[in-house]
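Working notes, beginning with the structure itself.
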Amino acid sequence: MAALLASLVWAFAVEPGPVCSEAVPCGPDWGGMAQLGLAVGLVYWAARGSDLVLVAAPLLAVSVGLTEVPGADAASAVANLGVIAAVGLCWAGARERVAARRRQRELALRAAGEARHRLPGSVMPLQRGTVLIAVGATLCGLAAWAVGMGLGGIRADERRADAAVAVEAEVIARHDLSLRVRLDGTRTVTVDALFPEHYPVGGTVTVLEDGTWRRLVAEPYDAFDWQLLVLVAGLPGLSLLGSGLLARRRAVALRRAPVPALRVLERLGEDGLVRVYAADDVAGSDPVLVCDRVVAVRVAGPGEPVVADPRAVEPRLREAVLFGAPHDGGGGTGTGHHGGAAAPGAGARPRAGEGRGTGTVGCPVEEHLPRVDW
């Protein structure tokens, strides 16, 4: 990822700025915005190990190859070719991660054998992804609104330009984001200019005038502010929405049909992470899986025993049942025993209703389940 980030910074640094002219006016660059969004998103998704890299990387490479390399100067062409090479390495790394996940799933399925088990009825439905979906959808809606506002501003500018009169003007002064020009040899007015350095003092420019509305012919309405809002809201919105939908799909898949189940050992650390160990690793020395916990606690009903809070930090190893085929970035549900510290492998079985887990609730450790041994 470092090579990708360095190549992108290099390419942006050596890229020449736009030159506005009446023959080739500047204006909203939606293609450039999409390319920038892909570049920023690719860096983020690569850092997160997201499968979206497999889609974003080819799109960015093709976009750079078709729009940036042809006609570029030597420095810019070399920088953009470096971007394409770094994007290719990033894509290859993502392919290798996908292959590694597939091997992890296959290993877990072989360890689980042919048997499949349904989640215990006492395990509450996991509403995974709800917050991510809500926040992501809101941000995507904001990005869509920004696109509409940007396009609306462009159409309004085009309508005013069609009704305006073109007037030749002399540049008499330049400011940070404006020009002072003389119209008809007598009137002096100020017009906005994003690139005032392109217009020398004493030179001539063409100004469109419609009442009090004026702008340079070379610089139509620029929706940069709206485009920036699209990027700021759209990129995290798409990422959060995609992550939420994926988490929801995986949670639903755990209940849709019987899934593999493995006997494992687990420990909940002070950092809030659950470390899962092979069933024969009684010392807890080499975790095979580290994951976040999602607590779904079912409140005890009348007459039911009160059990320890599954959210409490538990430094001891406990036997647990892991449902699903665990792999990097995948979803699964683990249920474990919060009772005494029975030694793993000693055949300890909690009584019915005592099973409690760091991930969900309510599954005794069944003796007939396979013991995972990675």
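Note that this is a predicted model, so its numbers are computed, not measured.
Annotation for Arg160 and Asp210: closest pair NE-OD2, 3.2 Å, computed over non-hydrogen atoms. The two atoms that bring Val230 and Ala146 nearest to each other are CG2-CB, 3.6 Å, heavy atoms only. Closest approach of Asp176 to Pro196, counting heavy atoms only: O-CG, 3.2 Å. The minimum heavy-atom distance linking Ser239 with Tyr44 is given by the pair OG-CE2, 3.7 Å. The two atoms that bring Val83 and Ala11 nearest to each other are CG2-CB, 3.7 Å, heavy atoms only. Leu109 and Pro260 make their closest contact through CD2-CG, 3.3 Å (heavy atoms, listed as atom of the first residue, atom of the second, distance).
Side-chain contact between Thr188 and Leu183 is absent, with no heavy atoms from C-beta onward closer than 4.5 Å. Proximity of His117 to Pro258: side-chain heavy atoms (C-beta onward) are nowhere separated by under 4.5 Å. Side-chain contact between Arg318 and Leu265 is absent, with no heavy atoms from C-beta onward closer than 4.5 Å. Side-chain contact check for Val321 versus Leu262: every heavy-atom pair is 4.5 Å or farther apart. Contact annotation: the side chain of Pro287 never approaches that of Val276 to less than 4.5 Å [non-hydrogen atoms, C-beta and beyond]. Two residues are said to be in side-chain contact when any heavy atoms from C-beta on lie closer than 4.5 Å; Ser178 and Val191 fail this criterion.
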Passes side-chain contact (heavy atoms from CB on, under 4.5 Å), Asp192 versus Leu177? Steps please. CA-CA 6 Å; Asp192 295 333; Leu177 290 174; over 6 Å; no

Evaluate Arg215 against Asp157 for salt bridge (charged side-chain N to carboxylate O under 4.0 Å, His left out), listing each step before the verdict. CA-CA 10 Å; Arg215 76 159 171 83; Asp157 178 79; 3.0 Å; yes

Could you go step by step and tell me if Thr130 and Arg248 meet the side chain to side chain donor-acceptor pair (under 3.5 Å) rule? CA-CA 8 Å; Thr130 301; Arg248 176 62 59 83; 2.6 Å; yes

Go through the steps for Arg187 and Glu209 under the test salt bridge (charged side-chain N to carboxylate O under 4.0 Å, His left out), then give the verdict. CA-CA 13 Å; Arg187 294 182 298 146; Glu209 189 175 26; 2.9 Å; yes

Would you check, one step at a time, whether the test salt bridge (charged side-chain N to carboxylate O under 4.0 Å, His left out) holds for Asp51 with Arg101? CA-CA 11 Å; Asp51 291 347; Arg101 291 171 185 171; 2.6 Å; yes

Checking Leu317 against Val282 for the side-chain contact (heavy atoms from CB on, under 4.5 Å) test, could you report, in this order, the C-alpha distance in whole Å, the side-chain angles of both residues, the deciding distance, and whether it holds? CA-CA 8 Å; Leu317 282 174; Val282 296; 5.6 Å; no

Could you go through the ring pair (Phe, Tyr, Trp, His ring centres under 6.0 Å) check for Trp30 and Trp226 one step at a time? CA-CA 11 Å; Trp30 293 99; Trp226 296 117; over 10 Å; no

side-chain contact (heavy atoms from CB on, under 4.5 Å) assessment of Arg182 paired with Thr186: CA-CA 6 Å; Arg182 181 180 291 113; Thr186 57; 5.9 Å; no

Derivation and outcome, side-chain contact (heavy atoms from CB on, under 4.5 Å), residues Arg103 and Leu107: CA-CA 6 Å; Arg103 292 192 295 269; Leu107 182 61; over 6 Å; no

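The distance from the NE2 atom of His198 to the CZ atom of Arg174 is 10.0 Å, given to the nearest 0.5 Å. Taking CD from Glu15 and CG from Asp73, the interatomic distance works out to 10.0 Å, rounded to the nearest 0.5 Å. Leu216 CG to Leu179 CG: the interatomic distance, rounded to the nearest 0.5 Å, is 5.5 Å. In this structure, the separation between OG1 on Thr190 and CZ on Arg214 is 9.0 Å, given to the nearest 0.5 Å. Ser243 OG to Leu52 CG: the interatomic distance, rounded to the nearest 0.5 Å, is 7.5 Å. A distance of 13.0 Å separates CZ of Arg180 from CD of Glu170, quoted to the nearest 0.5 Å.
In the hydrophobic cluster analysis, where Ile, Leu, Val, Met, Phe, Trp and Tyr join through side-chain heavy atoms closer than 4.5 angstrom, Leu240 is grouped together with Val131. Transitive grouping of hydrophobic side chains (ILVMFWY, heavy atoms separated by less than 4.5 Å) keeps Val69 and Trp10 in distinct clusters. Under the 4.5 Å side-chain heavy-atom criterion for ILVMFWY residues, no single connected hydrophobic cluster contains both Leu89 and Leu42. Grouping the Ile, Leu, Val, Met, Phe, Trp and Tyr side chains by contacts below 4.5 angstrom, directly or via other members, places Leu229 with Met33. The cluster map of Ile, Leu, Val, Met, Phe, Trp and Tyr, joined by side-chain heavy atoms under 4.5 Å apart, puts Val189 and Tyr199 in the same cluster.
With hydrogens and angles disregarded, a donor-acceptor distance shorter than 3.5 Å links the side chain of Asp222 to the backbone of Phe224. Using a distance-only test at 3.5 Å, with no hydrogens or angles considered, no donor-acceptor pair links the side chain of Glu168 to the main chain of Thr204. Proximity of a side-chain donor or acceptor of Ser7 to a complementary backbone N or O of Leu4 within less than 3.5 Å is detected. Judged by distance alone, the side chain of Glu219 and the main-chain N or O of Leu194 form a donor-acceptor pair under 3.5 Å. In this structure, Asp281 contributes its side chain and Tyr277 its backbone to no donor-acceptor pair below 3.5 Å. Proximity of a side-chain donor or acceptor of Thr67 to a complementary backbone N or O of Ser63 within less than 3.5 Å is detected.
Checked options Val171, Ile172, Val167; the residue passing with Val181 is Val171 (criterion: side-chain contact (heavy atoms from CB on, under 4.5 Å)). When each of Val205, Leu208, Val207 is checked for a side-chain contact (heavy atoms from CB on, under 4.5 Å) with Val217, only Leu208 meets the rule.
Other residues, nucleotides and ligands contribute more than 12 heavy atoms inside 6.0 Å of the CD atom of Glu197. Annotation: Arg116, atom CZ; neighbour count of heavy atoms from other residues, nucleotides and ligands within 6.0 Å is above 12. The environment of CZ in Phe12 is crowded: more than 12 heavy-atom neighbours from other residues, nucleotides or ligands sit within 6.0 Å.
Residues Glu266 and Arg275 are not paired through a salt bridge, judged by the lack of any N-O separation under 4.0 Å between the basic side chain and the carboxylate.
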